[in-house]
Number of protein chains: 2
Amino acid sequence: MVTVRDVAAAAGVSISTVSRALSAPGMVAAGTRDRVAAIAEQLGYQPNRAAASLRAGRKGALGLLVPDLANPYFAAVAKGVAERAREHGLGVFVVDSDEDPAAEVDLLRHLVHQTDGVILASPRAIDADVDVIGPRPVVVVNQDGPLAVVTDTDGGMRLALEHLRGLGHRRIAYVGGPASSWSDARRRGALREAAATGADVVALGHYPPTVAGGAAAAVAVAESGATAAITFNDVVAVGLVRAVRERGLRVPEDLSVVGWDDTYLAALASPPLTSVGSDLREVGRSATDLLVARLGGAPGAREVTVLPGTLSVRDSTGPAPR
Amino acid sequence: MVTVRDVAAAAGVSISTVSRALSAPGMVAAGTRDRVAAIAEQLGYQPNRAAASLRAGRKGALGLLVPDLANPYFAAVAKGVAERAREHGLGVFVVDSDEDPAAEVDLLRHLVHQTDGVILASPRAIDADVDVIGPRPVVVVNQDGPLAVVTDTDGGMRLALEHLRGLGHRRIAYVGGPASSWSDARRRGALREAAATGADVVALGHYPPTVAGGAAAAVAVAESGATAAITFNDVVAVGLVRAVRERGLRVPEDLSVVGWDDTYLAALASPPLTSVGSDLREVGRSATDLLVARLGGAPGAREVTVLPGTLSVRDSTGPAPR
DNA sequence: GTGAAAGCGCTAACAC
DNA sequence: GTGTTAGCGCTTTCAC
C-alpha cells in the first residue's frame, strides 16, 4: 500500500506537504503541488479514508435511508444522491428499511455513526428521533424538518386540477394514500384550498399505496360521481385503471386518471399515465447539496428547498364524458 | 463521544479488555465480558469504525456497483445485498455508473479503496480490470468470473419454451438484447441447444433493452412468422406489446409474449406479463454471502452460485392462434 | 485472563 | 511555504 510517506520520499518533501498538496492545494507552492500530484498519481497513491476520517473526524460519507429501494420513486432519488455525492467526493451508505418503520430508528442509529450526515427519504419516519441523530445534520425529503427538500404539492395539485377542468371535468376525486403520509396530508390541504375557491373535489381514502389499493378505490370513485380521479401515486393509478376496466369502463373515455410522482412506470403503463411529478433525481441532488452545505458549517437556520411540480400529460386523461 | 477508555474506566478494566470483550468475546472471562457489555450498552458506546478500520485493515463495508439503480432489476438485487450485508454487520457503499461503461472502471477503482470487497452487478465494461481490484475479492452477477452468481438461463429458457409449446405454439421468436450482454449471449446459446433438438426458434436482434427497442422489434417478430415471442427483459416486452397492439393485433390472442426478469413491472403491465425470472433479492443475498465467505479467507478456488430460473405465468401468453 | 504499549495513515497545530 | 510532531480510537502483539 502506497502511503503519504512513500509519496513524500519520492517527491523529496515532507509528509505534511504531500497531505496539503492533495487536500488543500492553496497552501502549497504551485510547483511543489504539481510535482507531488504527479508523483502521487504515478505511484497510484490513494489516501486511506479510514485514517483521514479518524484524524479529521469526518467520515467522508453520507447516509441515505429509504423505505424501499425497489420503489421507482426512491430509486430515482437515490440516483440523484449518489450522483451528487460523488461530485462532492463523498461515499453513500444506502440503507433500506424494507418499509418497516420500527426498524428505521435502529438503522438510523447505526447509519448516523458511520456518516457525516444523513438524508431521510422515508415518508413516515422519525419524529422524536432527532436525539438519535445527535449533532449531525439531517435532511428530510417530503417531510417537516429544519433541513428539508419538498416538492410543490400545491402547485402540482393546481396543475392537475387545471388540466382536468380544461378537459371539461367538473367533479374530481382524489384517491388518498396512507394516513401517516405527510405528502397525502399536504395534498388534502391543497384540495381543501381548491374547494374553498369553488372547485367540486372529493377526497377518498385512505388507501394503501399499491395496485390493490387503487383497485379497492374503484367503487368509491364510481360512487363519488367524479369523471376524473387523481391518485396518491402511479402504482395506485395502475390499480385503479385496471379495476375500472374490469367494471367495463374505459380510460380515459369514461374516467380520466392522473397518477402522481411521474415515475417511469407512468410512461410504461397502459394507457401511459398523465402524472403529476417533479424531477426526482433533482430531489436527491438538492437534498445532497443541502446536507453538504451544512456539513462543515454552523448549525444554521431552517432551510427548505421547494422543487416545482410538473404535469406530464399522456393518454390516461381525456375530455369529460358527455 | 464515548470511547473504549470511558467504558474501561467505568468497568474498572483496561481498554484492551473492553476491545476484546466486544470483538473477541471468547478471549475474555464470561463475567468480565458481560459486565463490559452491559456498561458499553448503558453508556451508548459505539465503536469508531474509522479507528477500527485503520488499525485492523478492514473497512467494515462492501461495495456494490450497478449500472442503474432505477432499473427494477438492479434495485431488487441491491435490496438483497443491503439486507444480507446488514446481517453481517457490514455497510454497503452503492455506486451507480448510470449505464456509462467508461465510468465503471474509475468508479470501481474508488469503490475498491473504501471497501473490503465489491459486488459487480452486470458490469458492462469490466473484464481485464481485475487489476484495478488488487487482492480484494470481487463477486460478479450474471457474468464470467472466479466468484460469480448467475441465474439459470438454460433452465429459464426451457421453462418458457415448454410453456409456449404446451399452449400450441410451434414457431417462437426471441427478441435479443444488447450485443455486449453476457445474459443475451447465454440465452442465444440455450436457444441453439433447443433448436438442435428440433425446436423451431428464431433469435432476432440485437435490440436496445428499452420500450423503444421492443417496439422496434415488432416488425421483425411479425415477419418471422412466430406466434410467440420471448423478450430480453420486461421493458422490451412492454414495448413489443404496445407496438403489436398498434398494428391492430391482440396480446395474447394473436401473439403471446414472455418477458424476462420477472420484475414487478411484469405484474403491473397491461396485460400482466408472463415472465421468466429468478429471485432477484436472492441474487443479491447470494452474492453477498459469496463475498463475505471470501473476506477473511484465502484466495481459494473459483466458485459459482447458480440460482434457479422460474416462470411466472400471467396474462400475456395464451393458446396459439387458429 | 488481563494490562501496557505500539502503532495503523493521516491531518492540523505549531514552529521556522 | 514547508517541516516536525502529536495524536484521532482502536486492535493486537507481548508480557505477566
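Order of the sequence lines fixes the chain letters, A, B, ..., with proteins taken first and strands second; residue numbering starts at 1 for each chain. Note: hydrogens, waters and symmetry copies are ignored here, and every other heavy atom, side chains too, is used.
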Round to a whole Å and report the spacing from [atom1] of [X] to [atom2] of [N].
X: Asp6(A); N: dC8(C); atom1: CG; atom2: C1'; result: 14 Å
X: Leu22(A); N: dG9(C); atom1: CG; atom2: P; result: 16 Å
X: Gln46(B); N: dC10(D); atom1: CD; atom2: P; result: 11 Å
X: Arg35(B); N: dG1(C); atom1: CZ; atom2: C1'; result: 12 Å
X: Asn48(B); N: dG9(C); atom1: CG; atom2: C1'; result: 14 Å

Do [X] side-chain atoms and [Y] backbone N/O form a donor-acceptor pair below 3.5 Å?
X: Ser181(A); Y: Gly177(A); value: no
X: Arg186(A); Y: Thr153(A); value: no
X: Arg5(A); Y: Ile15(A); value: no

Inset, instruction - Could you pick out which residue, Met27(B) or Leu54(B), lies toward the 5' side of DNA chain C when each is mapped onto its nearest nucleotide? - result: Met27(B)
Inset, instruction - Check every strand shown and say whether Ser53(A) touches a base, only sugar-phosphate, or nothing at a heavy-atom separation below 4.0 Å. - result: nothing
Inset, instruction - Using a 4.0 Å cut-off on protein heavy atoms (strictly under), produce a 5'-to-3' string for nucleotides 11-16 of chain C with B for base contact, S for backbone-only sugar-phosphate contact, and - for none. - result: BBB---
Legend entry - Asp96(B): which of Arg281(A), Arg86(A), Lys79(A), Arg84(A) passes salt bridge (Lys or Arg N to Asp or Glu O under 4.0 Å): Lys79(A)
Legend entry - Result of checking Ile119(B), Val150(B), Val81(B) against Val141(B) for side-chain contact (heavy atoms from CB on, under 4.5 Å): Ile119(B)
Inset, instruction - Ignoring backbone atoms, test whether Thr17(A) places a side-chain nitrogen or oxygen under 4.0 Å from the OP1 or OP2 oxygen of dG3(D). - result: yes
Inset, instruction - Would you kindly say whether Asn142(A) and Tyr73(A) are connected by a side-chain donor-acceptor distance under 3.5 Å? - result: yes
